[in-house]
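As a basis for the values below, the full set of heavy atoms in this structure was taken, side chains included, without hydrogen atoms, waters or symmetry mates. Just so it is clear, the model here is predicted, and its values are computed rather than measured.
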Amino acid sequence: MKYNNAPIGIFDSGLGGLTVFKEVRKILPDEDLIYYLDTARVPYGNKSKETVLRYSTEISKFLISKGVKIVVAACNTSSSLALDDLRKGETIPIFGVIEPGAKKAVEVSSGGNIAVIGTSATIKSRAYSRVIYEEINALKRSGEYKFKSNFKVIEKACPLLVPFVEEGFLNEEITKKVINYYLNPVVDEKPSCLVFGCTHYPILKDLILEAIGRDIQIIDSGIETAKIVKCFLEENDMLKDEAKNGSELFFVSDDLEKFKELGEKFLGRKIENVNIVNQFL
Ligand code: DGL
């Protein structure tokens with residue numbers, strides 16, 4: 001059975017996944033996209049593995065019931081705590097955001113320290129350092145890793161940043177202060193690159209760069225994931241075969257108007273087709 005013209009399903013706890021949605025839209029303009037935001041239950045980053053897995057499974061199954069051809073867990077917290085379980089028993093591919101970002105970090109770091117910022121749950125899971133070390137070991141085995149191994153992976157939880165984004169506190173003094181508070185110890189470790197291990201953080205990119213105060217390579221797992229999704233669809237002959245602008249459909253679990261207001265600000269354009277789905281609550 002060919003799924004070419006089926007939509008791509010994307011989900012996150014909140015607005016953060018829009019950073020992935022935006023990148024997917026940019027490089028796959030014809031694809032139909034369905035995006036689910038769990039606005040009633042955001043944030044995920046301070047919840048247990050069991051809870052994040054339950055929420056992510058409900059949403060993933062909901063998207064699959066809408067006939068999507070792939071699901072993108074555009075949430076680092078879901079990707080680090082739930083991805084393996086989400087994939088179990090499903091016939092369609094389910095993508096996460098950790099592996100693409102971690103691999104890109106290894107590629108650009110040239111043996112320097114790698115900093116990763118994320119939610120408490122993502123950082124506690126150590127999902128990024130696991131993939132980073134696996135990748136480096138694989139490169140060493142194939143003789144492609146030319147650097148010393150005395151670099152560090154600096155992982156820092158920044159739990160207040162998601163609520164700031166969800167409240168639209170994008171340029172307030174308090175947001176700047178909290179970013180500085182989280183990032184000062186990270187900057188002291190002189191990282192060669194900084195991985196945004198939470199899809200909400202690209203929305204605060206300018207403030208984060210200001211806090212770092214020097215040129216640093218930023219890894220946006222949304223950009224890396226979008227590239228991998230495109231590559232996968234091409235290689236598996238799953239790209240939409242009608243050349244017409246892709247449609248967009250949004251589902252939120254609460255407060256449709258708030259999502260529209262903040263989402264439109266972030267995307268810089270109108271958001272139509274938003275529906276409330278709260279059957280899981
Ligand atoms: N944007 C998500 C992530 O990448 C979720 C953050 C949250 O809900 O705490 O982890």
Residues that Thr39 engages under side-chain contact (heavy atoms from CB on, under 4.5 Å), provided they are two or more places apart: Leu37, Val252, Ser253, Asp254
So how far is it from Asn76 CG to Ile98 CD1, rounded to the nearest 0.5 Å? 4.5 Å
Looking at Ala73, is its backbone amide N or carbonyl O close enough to the side chain of Ser78 to form a donor-acceptor pair, meaning the two atoms are under 3.5 Å apart? no
d(Thr91 OG1, Ile64 CD1) to nearest 0.5 Å is 7.0 Å
Of all heavy-atom pairs between Arg25 and Ser247, which one has the smallest distance, and what is that distance? NH2-O, 3.3 Å
Following the transitive rule for hydrophobic clusters with a side-chain heavy-atom cut-off under 4.5 Å over Ile, Leu, Val, Met, Phe, Trp and Tyr, establish whether Val20 and Ile203 coincide in one cluster. yes
Indicate the ring-plane relationship of Phe250 and Tyr35, choosing parallel, tilted or perpendicular according to the 30° and 60° boundaries. perpendicular
With heavy-atom distances below 4.5 Å as the criterion, would you say the side chains of Leu33 and Leu249 are in contact? no
Could you walk me through whether Phe11 and Phe251 pass side-chain contact (heavy atoms from CB on, under 4.5 Å), step by step? CA-CA 9 Å; Phe11 78 88; Phe251 293 97; over 6 Å; no
State whether Lys258 and Glu167 are salt-bridged, where the test is any N-O pair (Lys NZ or Arg NE/NH1/NH2 against Asp/Glu carboxylate O) under 4.0 Å. yes
Is the count of non-hydrogen atoms from other residues, nucleotides or ligands lying under 6.0 Å from Lys140 atom NZ greater than 12? yes
Does a donor on one side chain and an acceptor on the other come within less than 3.5 Å for Tyr36 and Asp12? no
One pair to check against side-chain contact (heavy atoms from CB on, under 4.5 Å): Leu209 and Ile216. What are the steps and the verdict? CA-CA 8 Å; Leu209 284 176; Ile216 187 164; 4.1 Å; yes
Value rounded to 0.5 Å, distance of OH in Tyr44 from OG in Ser80: 13.0 Å
Please enumerate all residues that pass side chain to side chain donor-acceptor pair (under 3.5 Å) together with Thr77, with sequence neighbours excluded. Thr119, Thr122
Between Asn4 (side chain only) and Asp237 (backbone N and O only), is there a donor and an acceptor less than 3.5 Å apart? yes
Would you please test Tyr55 and Val52 for side-chain contact (heavy atoms from CB on, under 4.5 Å) and show each step? CA-CA 5 Å; Tyr55 293 174; Val52 173; 5.9 Å; no
For Val97, does its backbone N or O pair with a side-chain atom of Ser79 as donor and acceptor, under 3.5 Å? yes
Go through Glu189 and Lys152 one step at a time and tell me if the salt bridge (charged side-chain N to carboxylate O under 4.0 Å, His left out) criterion holds. CA-CA 9 Å; Glu189 301 282 353; Lys152 280 198 264 186; 2.6 Å; yes
Using atom types as modelled and distance alone, determine if a side-chain donor or acceptor of Thr199 lies under 3.5 Å from a backbone N or O of Cys75. no
In Å and rounded to the nearest 0.5 Å, what is the CZ to SG distance from Phe196 to Cys158? 10.0 Å
So if you build clusters from Ile, Leu, Val, Met, Phe, Trp, Tyr with side-chain heavy-atom gaps below 4.5 Å, do Val131 and Val106 land together? yes
Can a salt bridge be assigned to the pair Glu99 and Lys104 using a cut-off of 4.0 Å between side-chain N and carboxylate O? no
Lys/Arg N to Asp/Glu carboxylate O, Lys260 vs Glu257, below 4.0 Å: no
Within a radius of less than 6.0 Å around CD of Glu134, do more than 12 heavy atoms belonging to other residues, nucleotides or ligands occur? yes
Treating Ser192 as the side-chain partner and Asn113 as the backbone partner, does any N or O pair qualify as donor plus acceptor under 3.5 Å? yes
Does any non-hydrogen side-chain atom of Val116 lie less than 4.5 Å from one of Val153? yes
Audit row: Ile136, Ile132, side-chain contact (heavy atoms from CB on, under 4.5 Å) steps and yes/no: CA-CA 6 Å; Ile136 288 182; Ile132 288 170; 4.2 Å; yes
Find out if a path of hydrophobic residues (ILVMFWY) with successive side-chain heavy-atom gaps under 4.5 Å connects Ile219 to Ile154. no
Could you grab the distance from atom OG1 of Thr57 to atom CG of Leu86, nearest 0.5 Å is fine? 5.0 Å
Shortest non-hydrogen contact between Ile94 and Glu90, atoms and distance: CD1-CG, 4.0 Å
Does Ile218 belong to the same Ile/Leu/Val/Met/Phe/Trp/Tyr cluster as Ile228, with side-chain heavy atoms less than 4.5 Å apart forming each link? yes
Taking Glu155 first and then Arg126, would you say they form a salt bridge - that is, a charged N and a carboxylate O separated by under 4.0 Å? yes
Show every donor-acceptor pair shorter than 3.5 Å between a side-chain atom in residues 176-186 and any protein atom, with sequence neighbours excluded, or say none if there are none.
from, atom 1, to, atom 2, distance (Å)
Asn180, ND2, Lys176, O, 3.2
Tyr182, OH, Leu160, N, 3.1
Asn184, ND2, Asn180, O, 3.3

Donor-acceptor pair, distance only, cut-off 3.5 Å: does the side chain of Glu166 make one with the backbone of Leu15? yes
Could you tell me whether the side chain of Val195 reaches within less than 4.5 Å of the side chain of Ile117, counting heavy atoms only? no
Determine, using the 4.5 Å side-chain heavy-atom cutoff (strictly less than), whether Ile271 and Ile276 are members of one ILVMFWY cluster. yes
Out of Asp32, Leu63, Val72, Val68, which one pairs with Ile8 under the side-chain contact (heavy atoms from CB on, under 4.5 Å) rule? Val72
Counting only N and O atoms by type, is there a donor-acceptor contact under 3.5 Å from the side chain of Tyr3 to the main-chain atoms of Met238? no
With a 4.5 Å cut-off on side-chain heavy atoms, are Ser120 and Pro159 touching? yes
Close side-chain approach of Asn46 and Val162, heavy atoms under 4.5 Å: no
Give a yes or no on whether Arg54 atom CZ has more than 12 heavy-atom contacts from other residues, nucleotides or ligands under 6.0 Å away. yes
Is Lys22 close enough and on-axis enough to Phe266, meaning under 6.0 Å and within 45°, for cation-pi? yes
Charged N-O contact under 4.0 Å between Glu264 and Lys270: yes
So Lys227 and Glu23, salt bridge (charged side-chain N to carboxylate O under 4.0 Å, His left out) or not? Walk me through it. CA-CA 8 Å; Lys227 286 188 215 157; Glu23 296 305 327; over 6 Å; no
Determine, stepwise, if the pair Lys230 / Glu31 fulfils salt bridge (charged side-chain N to carboxylate O under 4.0 Å, His left out). CA-CA 10 Å; Lys230 181 172 186 216; Glu31 294 293 329; over 6 Å; no
How close do Ile212 and Val187 get, counting heavy atoms only, and between which atoms? CA-CG2, 3.9 Å
Backbone N/O of Asp30 and side chain of Asn245: donor-acceptor pair under 3.5 Å: no
If you apply the rule ring pair (Phe, Tyr, Trp, His ring centres under 6.0 Å), what do you find for Tyr133 with Tyr128, and how did you get there? CA-CA 9 Å; Tyr133 286 114; Tyr128 271 98; over 10 Å; no
Over 12 foreign heavy atoms within 6.0 Å of NZ, Lys124: no
Quick one: OG1 on Thr19 to CD1 on Ile223, what's the gap to the nearest 0.5 Å? 8.5 Å
Are any of the side-chain heavy atoms of His200 and Leu161 separated by less than 4.5 Å? no
